[in-house]
Every structure is written in structure tokens, then in C-alpha cells.
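Structure, as C-alpha cells:
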There are 2 protein chains.
Amino acid sequence: MKETITIKTLAKELNISISTVSKALNDSYEISIETKQKVWDLAKMLKYNRNPSASNLRSHKTKTIAVIIPEIANNFFSQAINGIEEVARQRGYHVLIYQTHENTDQEIAFTDSLLSGRVDGILISVSSDHDNRDHFTALVKEIPTVFFDRVYEDIDAARITTDDYESAYNATSYLVECGCKKIAYLFALNNLNAGKQRMSGYQDALKAHQLAYREELTVNYDKDADLNYQNIKDLMLNERPDAVISSIEDLALPCYYVCKELGIHIPDDLKIISFSNLNTAPLLNPSLTTITQPALEMGRQAAAILFKILDKKHFEPNEWLTLKSTLIKRDSTACH
Amino acid sequence: MKETITIKTLAKELNISISTVSKALNDSYEISIETKQKVWDLAKMLKYNRNPSASNLRSHKTKTIAVIIPEIANNFFSQAINGIEEVARQRGYHVLIYQTHENTDQEIAFTDSLLSGRVDGILISVSSDHDNRDHFTALVKEIPTVFFDRVYEDIDAARITTDDYESAYNATSYLVECGCKKIAYLFALNNLNAGKQRMSGYQDALKAHQLAYREELTVNYDKDADLNYQNIKDLMLNERPDAVISSIEDLALPCYYVCKELGIHIPDDLKIISFSNLNTAPLLNPSLTTITQPALEMGRQAAAILFKILDKKHFEPNEWLTLKSTLIKRDSTACH
DNA sequence: TTTATTTACGAAAACGTTTGAGTTGATTGC
DNA sequence: GCAATCAACTCAAACGTTTTCGTAAATAAA
């Protein structure tokens with residue numbers, strides 16, 4: 001515990017005023033280059049570090065952003081955070097992480113607690129358990145916010161998504177072209193636009209190929225993993241689809257297990273495509289055809305947009321960005 | 001932009017002093033229960049949020065911890081963060097994330113910047129590229145720090161690791177019992193204790209079974225993924241081991257690809273075990289035998305230790321905790 | 001009754017910065 | 001040569017809390 005060194009220390013040492021030191025450290029035009037240099041040198045020598053609390057309190061700038069996501073132990077989100085952290089780092093910003101575990105109450109608690117000036121802005125991928133748009137409608141008026149991947153369409157804020165509709169449409173079409181006639185859909189994120197878009201893409205593609213949409217071919221995601229497993233198993237036993245599109249990774253993997261248990265051979269008996277950012281997709285048995293979102297790039301872009309907003313304080317028309325996912329064809333959809 | 005509401009607002013509204021409000025909000029024994037209740041009610045009604053900067057500045061408590069890791073988009077670390085975030089949440093703490101990308105300079109920059117009172121404590125898993133122990137020896141005297149998984153042995157600080165030596169020893173022994181005679185080792189983290197321990201476990205197990213340790217059977221990890229691939233390929237072509245132990249996930253996966261390319265059949269021609277937290281290990285082709293670290297639990301425990309230190313300010317003898325990894329046998333080591 | 005003690009509160013000084021409004025001496029325009 | 005401008009710096013008031021010390025009234029001890 002050595003005595004902490006402050007701008008006061010520097011001022012005393014150099015025989016100049018506190019304000020001169022402060023302005024020198026902030027590279028103000030009011031200070032001569034010689035004085036600045038002296039201050040900088042001494043600061044480095046004494047390993048001076050600006051006290052962030054004092055600075056924030058006075059200036060209302062925190063150099064900190066918050067990232068709110070459903071789950072960190074998830075390939076998509078951890079890659080997105082990677083991208084966010086990267087650009088935050090370049091700007092000297094700090095990154096706070098909050099997990100909602102798909103709980104809107106938690107989500108509300110987090111955002112509320114961030115309104116007291118702890119952060120300059122928020123990056124968020126919303127929870128899927130309840131519709132929370134009223135809360136966010138109010139939030140975005142209070143603090144610069146960028147939504148990524150999981151967004152509300154009708155909120156007046158910046159957002160970045162992927163082409164969910166097209167991806168699902170194309171994936172479904174691809175399966176049809178492979179000769180599949182009975183394509184099941186593993187449905188998740190149904191409260192969110194992303195989920196609805198994916199479902200629409202699937203439905204419209206069916207229609208475009210003269211195939212009927214049947215609700216019995218749909219499994220709805222549940223928080224209970226065992227239940228998901230059972231539901232998929234029931235689907236396989238009762239309907240025996242010849243293909244499956246999964247709207248999230250967490251439903252595709254149990255599907256693999258079910259097939260293993262029931263002796264259903266992929267891709268001969270059943271073809272599988274999943275929205276997924278698994279880096280081991282090529283190594284699965286069989287390798288999994290995926291619709292892969294540009295997670296890292298989304299993180300980067302989302303952060304970039306937030307900083308753009310923070311730079312010019314006046315709220316401009318909000319940016320709406322859509323990135324393309326890529327369909328990577330692998331063995332789980334191999335045609336003969 | 002409504003006018004921000006502070007304790008001053010509350011004080012004026014209730015006709016009591018600022019200090020009374022502050023004390024009431026902090027549940028001080030100096031304030032009567034009636035007054036407290038009035039303050040709390042009004043605070044809730046007006047959605048008062050304590051300004052963290054002002055609070056930190058005065059009290060020197062930030063309710064924030066920092067997590068410094070090599071990479072967030074990594075199964076082990078993202079699970080560990082999950083655990084950390086969980087217990088931080090319970091305590092009402094905020095979590096800052098920093099990625100070093102295995103760069104010690106970055107690591108030094110981060111920790112230095114945290115010394116200005118931005119956080120109450122640090123959780124860190126150190127970078128592997130250079131030996132940085134001198135820096136950390138100084139750091140731990142300045143701020144409560146807990147090392148997890150990647151630690152320096154000789155630094156006087158709390159730490160939590162897994163039983164790397166025993167895990168590697170047991171895994172090697174298991175391979176020998178399966179009849180393997182030529183067991184290669186994919187070596188990583190060689191600057192770190194974890195890496196050395198794993199290597200020692202491998203070597204000692206060989207010795208215990210009258211097998212010679214041969215350096216030609218070792219591949220050293222490189223940052224360049226292509227080079228790793230090539231080195232593993234060379235190993236397979238030149239030495240043709242009948243088993244491989246990989247000290248990290250990132251070397252096991254290229255190994256799978258090499259085998260695919262060279263037509264080496266796992267597990268008949270080559271058995272593979274890897275330290276790994278891949279959740280798709282059971283679905284790989286073939287499913288991968290892993291030494292799996294309790295990542296989530298490590299995160300939880302590491303955070304728990306840090307909070308224990310923060311609670312009782314006096315630095316007690318530091319806790320050294322070791323958790324057990326589990327060897328999960330799957331098809332990549334199937335014996336006949 | 002008088003003197004301690006306790007209870008509940010208030011005044012004011014921090015905490016370390018930033019910032020707008022001076023101040024000073026030197027330079028410029030005319 | 002005098003006012004006006006400018007460059008470089010200082011003063012002091014904030015920012016919103018926490019906390020120490022002080023004090024008045026109420027209660028207990030004597």
C-alpha cells in the first residue's frame with residue numbers, strides 16, 4: 001500500500017497547478033508543448049494512472065460498454081464477444097459482460113442498473129423467453145444501445161442481424177433439391193424476429209416447392225433439454241421425416257443423439273441442416289451441414305456502430321445492418 | 001434526458017439531510033427504521049440509482065472484478081467465465097472481460113490499467129507466450145488476485161488448478177494398457193506449470209511402463225495453425241505412433257484432419273486422447289476420449305476465493321485449490 | 001434530580017478529476 | 001503608443017457520494 005499518486009502529486013512536483021496537469025494529461029490546446037511533455041514524462045516515471053471514478057464523476061464518460069447476452073458458453077456469442085472486445089480494445093474501452101440465461105427479469109435488472117452512468121453504451125442480444133419490447137423502447141431513449149442478432153424490429157435503435165429468412169429459405173430449397181419431401185423444423189426463438197424469420201423462410205420455401213407446411217413436423221424448443229430430446233424422438237418415431245432443419249445448434253445435437261439411438265442413418269435416412277457456429281461441425285459423425293453466422297464480424301460491426309453513435313452525440317437515423325450467413329454443405333446432407 | 005435524481009433529490013423531498021439519506025440507503029444502524037423505510041420507498045418510486053462513480057470515488061469499492069483470459073472463444077474459458085459471472089451476479093458484482101490473445105504485453109497493459117481503482121480484484125488465467133512472473137509478483141501485492149488454471153507456482157497468491165500431472169499420467173497409462181507402445185505427445189503451454197505438469201505425467205507414465213520417452217514423438221504447439229497441421233502430419237508420416245495424447249484441444253482437432261487426409265483409422269491405427277472441454281466430443285467421428293476439466297466449477301470456485309479475500313481485507317495464507325479432471329473414455333481409444 | 005448513555009440525525013469535509021471563468025504577460029494591429 | 005488579441009496558466013466550483021464528528025433529545029443510571 002504505497003500512497004496513491006494523483007494529479008496533485010504531479011502538480012506539486014512540477015510546481016504547476018492541478019488544472020494545468022489535468023489539461024496537459026488531456027492534451028489540451030491551452031497548455032504549451034513543453035509543459036505537456038514535462039507532465040507526460042513525470043506521469044510515466046511515477047506510473048501515474050488516472051482515477052476512473054473521479055474522472056467519470058466529473059466528465060460523465062466511463063470508457064466502458066456493457067454487453068448483455070443470453071449465454072456466454074455458446075459458440076456464437078463467445079465469438080461475437082471476441083469481436084466486440086477487439087474493437088473496444090482498439091478504442092481503449094472496457095467491456096462489462098452480463099448473462100441473462102434467457103431471463104427477461106434479469107435482463108431488466110441489468111439494464112436498469114446500467115442507467116446510473118456505469119457505462120457509455122450497451123450492446124445487447126435479447127432474451128427469448130418473453131417479449132420485452134416495452135422495456136427496451138424506454139431504454140433506448142436513455143442510453144445509446146445497439147441490438148445484435150436478437151433484435152426487436154419495431155424499436156427505434158441501431159441493430160445488426162443476419163439474413164435469417166433467406167438462409168432458411170435457401171437451406172430448405174437445397175433439401176428439396178436433394179429430393180427430400182418431408183422436411184421437419186426444429187423451432188426456437190419463437191418470440192424473436194430471428195426465430196420468426198427463419199420459420200417463414202422455411203415455410204415459404206416449402207410452399208414454393210409445392211410442399212405443405214405441417215405443424216406435426218415441427219418441434220418447439222424447451223428449456224428442458226430432456227424434453228427436447230423426447231420431442232425429437234417422438235417426431236422421428238411418429239412422422240419419420242427425411243430431413244430436418246434446426247433453427248439452433250442446441251436442437252441439432254440432440255437430433256444426432258436420437259438418430260444414434262434409433263439407428264437412423266444420416267444422411268441416407270435423414271438429412272440435417274442447422275443454424276450453427278460449431279467449429280467442430282466438420283468433424284461430427286457425420287459432418288454437419290450448417291448455416292453459419294458471421295459471429296465475429298457481427299460483434300465487430302455492432303461495436304463499431306455503437307462507437308459511431310458515441311462519437312457524434314446527436315442521435316442520427318439509426319443504422320440497420322444485415323450480414324449474410326453462409327450455407328456450408330457437408331456430409332449430413334450428402335446427396336447420392 | 002430527464003434530470004438525474006440523486007440523494008439530494010431524495011433528501012429535499014423528504015426534508016431530511018443528505019447524510020441521512022445516504023446512511024438509510026446503506027442500511028446504517030444510525031438511522032431509525034421508519035426513516036429508512038421512507039427513504040427506500042421514495043427511492044424505489046423515483047427509480048433512484050446510486051451513482052457508481054461517486055460511490056467508488058468516496059468509498060474505494062467498485063463492486064467490479066476483472067477477468068483476464070487468453071481467449072474468450074474457447075470452450076474452457078467461456079465455461080469458466082460462465083461460472084465466474086454466476087457467483088459475481090449473486091454478490092451484485094460487475095464483471096469486466098479482457099482477452100490477451102496470449103500476448104504478455106497486452107497482459108501487462110491490462111493489469112496496469114486496473115491498478116487505478118477500476119476493480120476490487122482480478123481473476124486471471126495467464127498468457128503462455130512468455131514468462132511473466134516478475135510482473136505478477138509485483139501485481140499481487142497491489143490488488144487481490146486469484147489465478148485459475150494457468151498459474152505461476154511460485155507467486156504468493158491464491159490459485160486454483162486441476163490435477164494436470166495425474167490426468168496425463170492416467171491417460172498415458174490407459175493407452176499403454178490398451179496395448180499402445182508408441183505414444184506421441186502434442187505439447188503446448190510449455191511456459192506454464194500446467195503444460196509442464198502434463199508433460200511430466202506423460203513422461204513418468206511412460207517410464208513406469210518401461211517405455212522410453214522420445215523427443216521425436218513430440219510436437220510443439222505453434223501459433224500458426226498451418227504449421228501445427230504440417231508438424232502433426234510429419235509426425236504421422238515419419239514415426240507412425242499408435243497413440244496420441246494432446247495437451248490441448250487445438251492440437252487434437254488438426255490431428256483428426258491429418259488422419260482423415262492420410263487415411264489413418266482412429267482408433268484402429270491410432271488412438272487419441274485430448275485435454276478438452278468440447279461439448280461435441282461425443283459426436284465427433286469417432287467420438288473423442290477427453291480429459292475434461294471442470295471449467296464451470298473452476299470459474300465458480302475462483303470467484304468464490306476472490307470474494308473470500310475481498311470480504312476479510314487482511315491477506316490470509318492464500319488458498320491453493322486443485323480440482324479433478326475426468327477421463328471420459330470414448331471411441332477414439334476403443335480397445336478390441 | 002443530576003449525570004451518563006443512547007438514539008437519531010445534520011454539517012461539512014473529503015474522494016480525484018474536469019472545466020469554465022479569470023489572470024497575467026507578451027504580441028499584434030493600426 | 002494604446003487598445004485589442006492571444007497564449008499559457010491558475011482558481012475554484014462542481015460531480016454525487018461516504019464518513020467523521022458533533023449535537024439535540026430521549027432514556028437510563030446514580
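Side chains are part of it too, since the values below use all heavy atoms of this structure and drop only hydrogens, waters and symmetry mates.
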Quiz item: Quick check: does any side chain N or O of Gln99(A) sit under 3.5 Å from a backbone N or O of Ile72(A), one acting as donor and the other as acceptor?
Solution: yes

Quiz item: So which nucleotide from dC9(D), dT18(D), dT18(C) ends up closest to the side chain of Ser22(A)?
Solution: dT18(C)

Practice problem: Look at the side chain of Thr4(B) and decide which nucleotide, out of dG16(D), dT20(D), dT17(D), has an atom nearest to it. | Solution: dG16(D)

Quiz item: Looking at the side chain of Leu57(B), which of dT18(D), dC9(D), dC15(C) is the nearest nucleotide?
Solution: dC15(C)

Quiz item: Between the side-chain atoms of Lys23(A) and the base atoms of dT10(D), is any donor-acceptor pair under 3.5 Å?
Solution: yes

Quiz item: When the distance from CD1 of Ile31(A) to P of dT24(C) is rounded to whole Å, what number comes out?
Solution: 17 Å

Practice problem: Write down the distance between CG (Asn56(A)) and P (dT17(D)), rounded to a whole number of angstrom. | Solution: 14 Å

Practice problem: Report the distance from atom CD of Glu30(B) to atom C1' of dT20(D), rounded to the nearest whole Å. | Solution: 9 Å

Quiz item: To the side chain of Ile16(A), which of dC15(C), dT10(D), dT17(D) is closest?
Solution: dT10(D)

Exercise. Round to a whole Å and report the spacing from NZ of Lys8(B) to P of dC15(D).
Key: 6 Å

Quiz item: Does Ser19(B) make a side-chain donor-acceptor contact with the base of dA11(C), cut-off 3.5 Å?
Solution: yes

Quiz item: Of Ser17(B) and His60(B), whose closest DNA chain C nucleotide lies nearer the 5' terminus?
Solution: Ser17(B)

Quiz item: Any idea which of dT17(D), dT19(C), dA11(C) is nearest the Ile7(B) side chain?
Solution: dT17(D)

Practice problem: Taking all heavy atoms of Gly92(A) and all of Lys63(A), pick out the closest pair and write down the distance. | Solution: O-CD, 3.7 Å

Exercise. Side chain of Arg58(A) only, please: which of dG10(C), dT17(C), dT18(D) is the nearest?
Key: dT17(C)

Quiz item: If you take all heavy atoms of Asn56(A) and Thr62(A), which pair is closest and at what distance?
Solution: OD1-CA, 3.5 Å

Self-check item: side chain to side chain contact (heavy atoms under 4.5 Å, CB included) partner of Ile31(B), the single match among Asp27(B), Thr35(B), Ile33(B)
Solution: Thr35(B)

